[in-house]
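Report on the structure given below.
Chain identifiers are assigned alphabetically (A, B, ...) following the order of the sequence lines, protein sequences preceding nucleic acid strands; residue numbering begins at 1 within each chain. Predicted model, so just to flag it, every value in this text is computed and none were measured.
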2 protein chains.
Amino acid sequence: MATLGDLERSVMDLLWDGAEAQTANDLRDKLAQAHGNDGKELAVTTVLTVLARLEKKQLVTRERDTRPHRYRAVTSREEHTVELMNEAMGNVMDREAVLARFIGGISPVELASLRRILDDGANA
Amino acid sequence: MATLGDLERSVMDLLWDGAEAQTANDLRDKLAQAHGNDGKELAVTTVLTVLARLEKKQLVTRERDTRPHRYRAVTSREEHTVELMNEAMGNVMDREAVLARFIGGISPVELASLRRILDDGANA
DNA sequence: TCCAGGTTCTACATGGCGTAGAAAATCGGG
DNA sequence: CCCGATTTTCTACGCCATGTAGAACCTGGA
């Protein structure tokens, strides 16, 4: 459902990493300074368009009462990631097999985390 | 990297569920019969185009020496799913938090599987 | 040699995304 | 209350992925 383009992704990253609620101008400035962009400024309308689209995708909300509208991500980056993962698993019959392979591919450190999480869940 | 359209997805499903290697005609027939399609036949060239695109995406290979080329999926559906999941996790800092949430969302049955898988790994 | 089936080429419509100007709405100061 | 400045909305265009398929090309057998 939620496939993000490059710019959309960048905006989401800023919303996830930055302050709780940010204006389009804030975001435009940060986009200009961000990594590969060598300071190229986008038009504010561009950012606003992207934000509108993200809102339509229900990834972003805005406060409409304050004058420069303030935008924020609806879910955390982690939550969103989990949604993507579940979406990926969606139409698979053998979920167990997927889990097995998935686990087989993660690092020992994460494996340890996983065990801990599972154990905590058992005790709770 | 690998976003699939509806038809591409359907073709992959047939390759994953059906015989090891299938021809474009096989696939066209099966697509016609599949679920919602109410028997609407696609042109074979359509299927061939899709297969060519899937090949370019390295999701499909074909035997070029046999006359009706025979197509097959490069990876299993499970493997592909895992790749998608890892791709989703890719740019996340706090992978552990993602894992925690992910686990929090799966069914008790799958949780049990997960424990078993982890334990087996420990013993191996 | 010629055909039928198979493959490749080329093409077009649709829709998402990056991008932004033009126009409309609104806010703060005079 | 009016105006310029700021902000938001509308509209638009180019590009690329995808669904769709005809036209042209190729090849083995009759």
[X] [atom1] to [N] [atom2]: how many Å, rounded?
{"X": "B:L4", "N": "D:dA17", "atom1": "CG", "atom2": "P", "value": "14 Å"}
{"X": "B:R28", "N": "C:dG5", "atom1": "CZ", "atom2": "C1'", "value": "12 Å"}
{"X": "A:H69", "N": "D:dT7", "atom1": "NE2", "atom2": "C1'", "value": "8 Å"}
{"X": "A:E8", "N": "C:dG16", "atom1": "CD", "atom2": "C1'", "value": "8 Å"}
{"X": "B:L48", "N": "D:dC26", "atom1": "CG", "atom2": "P", "value": "17 Å"}
{"X": "A:L51", "N": "D:dT7", "atom1": "CG", "atom2": "C1'", "value": "13 Å"}
{"X": "A:L54", "N": "C:dC17", "atom1": "CG", "atom2": "P", "value": "9 Å"}
{"X": "A:Q22", "N": "D:dT7", "atom1": "CD", "atom2": "P", "value": "15 Å"}

Exercise for the section: Could you say whether A:G5 or A:D65 is positioned toward the 5' end of DNA chain C, judged by the nucleotide with the nearest heavy atom to each? Expected result: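 Comparing both residues, the 5'-ward one is A:G5.
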
Practice task
Using a cut-off of 6.0 Å, state whether more than 12 heavy atoms not belonging to A:D6 lie near its atom CG.
Solution key: no

Ion pair present between [X] and [Y], side-chain N to carboxylate O less than 4.0 angstrom?
{"X": "A:R101", "Y": "B:E78", "answer": "no"}
{"X": "A:R53", "Y": "A:E8", "answer": "no"}
{"X": "A:E63", "Y": "A:R72", "answer": "yes"}

Problem - Short side-chain to backbone donor-acceptor contact, A:D13 and A:S10, under 3.5 Å - result: no

Handout entry: Backbone of A:S76 reached by a side-chain donor or acceptor of A:E79 within 3.5 Å
Key =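 No.
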
Problem - Helix axis bend for the helix from C:dT1-D:dA30 to C:dG30-D:dC1 - C1'-based end axes, five pairs, 10° rounding - result: 10°

Completion exercise
CG of A:L84 to CG of A:L4, rounded to nearest 0.5 Å, is 7.5 Å

At a cut-off of 3.5 Å, list every protein nitrogen or oxygen paired with a nitrogen or oxygen from nucleotides 20-22 of chain D, distance to 0.1 Å.
| unit_1 | atom_1 | unit_2 | atom_2 | d |
| --- | --- | --- | --- | --- |
| D:dA21 | OP2 | B:A43 | N | 3.2 |
| D:dA21 | OP2 | B:T46 | OG1 | 3.3 |
| D:dA21 | N6 | B:T49 | OG1 | 2.8 |

Practice task
Could you tell me whether A:R62 contacts a base, only the sugar-phosphate backbone, or nothing, with contacts defined as non-hydrogen atoms closer than 4.0 Å?
Solution key: sugar-phosphate

Practice task
Check the pair A:E83 / A:K57 against salt bridge (charged side-chain N to carboxylate O under 4.0 Å, His left out), numbers first and verdict last.
Solution key: CA-CA 14 Å; A:E83 277 166 24; A:K57 293 180 186 180; over 6 Å; no

Handout entry: Residue-phosphate contact under 4.0 Å: B:K57 side-chain N/O, D:dT18 OP1/OP2
Key =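 The answer is yes; a side-chain N or O of B:K57 sits under 4.0 Å from OP1 or OP2.
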
Practice task
Take A:R77 and B:D94 through the test salt bridge (charged side-chain N to carboxylate O under 4.0 Å, His left out) and record every step on the way to the result.
Solution key: CA-CA 9 Å; A:R77 191 209 306 272; B:D94 196 346; over 6 Å; no

Handout entry: Side chain of A:N25 - closest among D:dT8, D:dT7, C:dC17
Key = D:dT7

